[in-house]
S.K.: 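Here it is, the structure, as structure tokens.
Sequence positions, counted from 1, serve as the residue numbers for this chain.
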Amino acid sequence: MKLVLGYLYPSVMSQYGDCGNVMAIVQRCAWRGIDVEVDSLEVGDMVDPDRVDLLLVGGGADSHQRLVYEDLLNVKGDAIRTAVAEGVAAFAVCAGYQLWGHFYKTANGDELPGLGVFDAHTIHRAAQTGTALDTIAAAGSVRAVGNLVVRWGPHLLVGFENHGGRTYLRDGSKPLGTIVQGGGNNSQDGQEGCVVGNAIGTYMHGPAFSKNPVLADHLIKAALSRRYGTVDLAPLDDGSEYVAHNRALQQAAARPRPWRRWLGDGVG
Ligand code: GLN
């Protein structure tokens with residue numbers, strides 16, 4: 001079997017280890033004898049929905065989002081929407097997640113139109129409050145920063161978040177999970193991420209896949225099943241991954257109280 005991974009804007013959109021998601025997919029497939037071809041899809045490159053099985057996009061600052069949003073809309077948009085509608089798997093992190101929604105309003109109030117794959121929109125907290133980001137303290141006051149813990153069915157997922165944007169899912173939109181620890185979508189409704197078909201949007205940097213092998217395998221399976229029918233993945237020894245996972249859980253438990261709303265003292 002072979003998996004074709006389309007990696008969007010690797011030279012612009014990759015923060016807090018997001019490129020590690022590509023390495024994790026390649027390695028977890030290699031351990032199972034599955035070949036992976038990675039297509040780097042920069043500004044100007046087309047997406048071929050018949051070729052790609054899995055799309056990955058990472059995070060970036062508002063300035064990075066300004067560099068790519070027009071290309072995302074005008075060069076890649078239709079193909080990505082078609083791909084997602086046809087069941088291509090996808091993992092869009094933070095800035096990538098925001099631009100796959102209807103729009104992202106930046107810190108200074110510019111509204112960047114998005115793909116509308118996720119029925120959601122995002123507004124930077126500074127644009128909501130009118131906070132001038134002229135000091136470190138001011139910039140920090142509007143950001144959700146730290147380890148994030150998300151309940152995803154029977155699983156706990158861990159990641160790192162650092163964003164000013166607040167994402168609001170519209171009625172009927174399905175979140176990825178519920179917040180156990182951290183801000184997630186908007187630090188208010190207790191939800192994190194969004195799911196459409198096999199496409200997942202999330203605020204989990206890290207990279208997410210190295211600490212959450214169950215999530216990586218979920219997307220590998222979805223990506224391969226579209227091309228090969230139902231696929232069973234051989235189990236792997238994820239001992240190291242869960243050492244990192246549990247360490248991140250402990251660190252999450254140490255986050256300042258406002259972000260420990262749903263934790264109590266059980267974890268860590
Ligand atoms: N620029 C966006 C925000 O601040 C996304 C940040 C990111 O990808 N880490 O919300």
S.K.: Evaluate the side chain to side chain contact (heavy atoms under 4.5 Å, CB included) criterion for residues Val36 and Val22: first the C-alpha distance (whole Å), next the side-chain angles of each, then the deciding distance (0.1 Å), finally the verdict.
M.R.: CA-CA 10 Å; Val36 177; Val22 176; over 6 Å; no
S.K.: Could you walk me through whether Asp53 and Leu224 pass side chain to side chain contact (heavy atoms under 4.5 Å, CB included), step by step?
M.R.: CA-CA 7 Å; Asp53 301 306; Leu224 292 171; 5.7 Å; no
S.K.: For the backbone of Ser187 and the side chain of Arg166, can you confirm whether one donor and one acceptor N or O come within less than 3.5 Å of each other?
M.R.: no
S.K.: Is there a donor-acceptor pair closer than 3.5 Å between any side-chain N or O of Asn185 and the backbone N or O of Thr167?
M.R.: no
S.K.: Sub-3.5 Å donor-acceptor pair from the side chain of Asn186 to the main-chain atoms of Gln188, do we have one?
M.R.: yes
S.K.: Can you tell if the side chain of Val43 reaches within under 4.5 Å of the side chain of Val68, non-hydrogen atoms only?
M.R.: yes
S.K.: Could you tell me whether the side chain of Val93 reaches within less than 4.5 Å of the side chain of Tyr16, counting heavy atoms only?
M.R.: no
S.K.: Between His163 and Tyr203, how do the two ring planes meet: parallel, tilted or perpendicular, split at 30° and 60°?
M.R.: parallel
S.K.: Measuring from His121:NE2 to His102:NE2, what's the distance to the nearest 0.5 Å?
M.R.: 9.0 Å
S.K.: Is there a continuous path of hydrophobic side-chain contacts, each under 4.5 Å between heavy atoms, that joins Tyr242 to Leu148?
M.R.: yes
S.K.: So do the side chains of Trp152 and Glu192 get within less than 4.5 Å of each other, counting heavy atoms only?
M.R.: no
S.K.: Verify, without hydrogens or angle tests, whether Arg151 (side chain) and Thr178 (backbone) share a donor-acceptor contact under 3.5 angstrom.
M.R.: no
S.K.: Which pair of heavy atoms, one from Asn21 and one from Pro207, lies closest together, and at what distance?
M.R.: OD1-CB, 3.3 Å
S.K.: Just verifying a value: how many Å separate Gln65 CD and Tyr9 OH, rounded to the nearest 0.5 Å?
M.R.: 12.0 Å
S.K.: So, for Val47 and Leu8, which heavy atoms are closest and what is the spacing to 0.1 Å?
M.R.: CG2-CD2, 4.1 Å
S.K.: Contact between Asp62 and Arg66 at the side-chain level, heavy atoms closer than 4.5 Å - yes or no?
M.R.: yes
S.K.: Distance-only, no hydrogens or angles: does the Thr82 side chain make a donor-acceptor pair with backbone N or O of Asp78 under 3.5 Å?
M.R.: yes
S.K.: Within the distance-only criterion (no hydrogens, no angle test), does the side chain of His245 pair as donor or acceptor with the backbone N or O of Asn212 below 3.5 angstrom?
M.R.: no
S.K.: Mind checking whether Met1 and Val4 sit in one hydrophobic cluster, side chains of I, L, V, M, F, W, Y counted as touching below 4.5 Å?
M.R.: yes
S.K.: Is the backbone of Lys2 close enough, under 3.5 Å, to the side chain of Tyr228 for a donor and an acceptor to pair up by distance?
M.R.: yes
S.K.: Which heavy atom of Ser141 sits nearest a heavy atom of Thr131, and at what distance?
M.R.: OG-CG2, 4.4 Å
S.K.: With the side chain counted from C-beta on, respond yes when Val88 and Pro49 share a heavy-atom pair under 4.5 Å apart, and no when they do not.
M.R.: no
S.K.: Using 30° and 60° as the class boundaries, would you call the ring planes of Tyr104 and His124 parallel, tilted or perpendicular?
M.R.: tilted
S.K.: Can you confirm whether Val196 sits close enough to Lys174 that some side-chain heavy atom of one is under 4.5 Å from a side-chain heavy atom of the other?
M.R.: no
S.K.: Apply the test side chain to side chain contact (heavy atoms under 4.5 Å, CB included) to residues Ile25 and Tyr7: give CA-CA distance (whole Å), side-chain angles for both, the deciding distance (0.1 Å), then the verdict.
M.R.: CA-CA 11 Å; Ile25 295 289; Tyr7 186 17; over 6 Å; no
S.K.: Check Ala132 against Ala138 and note the closest heavy-atom contact, atom names and distance.
M.R.: O-CB, 3.4 Å
S.K.: Indicate the atoms forming the closest heavy-atom contact of Gln15 with Gly60, along with that distance.
M.R.: OE1-N, 3.3 Å
S.K.: Is the shortest heavy-atom distance from the side chain of Leu133 to the side chain of Asn108 under 4.5 Å?
M.R.: no
S.K.: Report the distance from atom CZ of Phe209 to atom CG of Asp18, rounding to the nearest 0.5 Å.
M.R.: 10.0 Å
S.K.: Is Tyr168 reachable from Phe103 through a run of I, L, V, M, F, W or Y residues, each pair having side-chain heavy atoms under 4.5 Å apart?
M.R.: no
S.K.: Distance check, rounded to the nearest 0.5 Å: Tyr69 atom OH versus Leu99 atom CG?
M.R.: 10.0 Å
S.K.: Show your working on side chain to side chain contact (heavy atoms under 4.5 Å, CB included) between Val150 and Thr202 and close with a plain yes or no.
M.R.: CA-CA 10 Å; Val150 181; Thr202 180; 5.9 Å; no
S.K.: Within this structure, what is the OG-CZ distance for the pair Ser173 and Phe118, rounded to the nearest 0.5 Å?
M.R.: 9.5 Å
S.K.: Would you say the side-chain atoms of Lys76 pair up with the backbone N or O of Glu42, donor to acceptor, closer than 3.5 Å?
M.R.: yes
S.K.: Heavy-atom distance under 4.5 Å between the side chains of Val214 and Leu157, does that happen here?
M.R.: yes
S.K.: Can you tell me how far OG of Ser40 sits from CG of Leu5, rounded to the nearest 0.5 angstrom?
M.R.: 9.0 Å
S.K.: Indicate, with yes or no, if Val75 and Leu115 share a hydrophobic cluster defined by side-chain heavy-atom contacts under 4.5 Å among Ile, Leu, Val, Met, Phe, Trp and Tyr.
M.R.: no
S.K.: Indicate if Leu169 and Ile123 have the same hydrophobic cluster label, given that clusters are the connected sets of ILVMFWY residues with side-chain heavy-atom separations under 4.5 angstrom.
M.R.: no
S.K.: Sequence neighbours excluded, which residues qualify as side-chain contact (heavy atoms from CB on, under 4.5 Å) partners of Leu236?
M.R.: Arg28, Trp31, Arg32, Asp238
S.K.: Do you know which two heavy atoms are closest between Val142 and Arg125, and how far apart they sit?
M.R.: O-CB, 3.5 Å
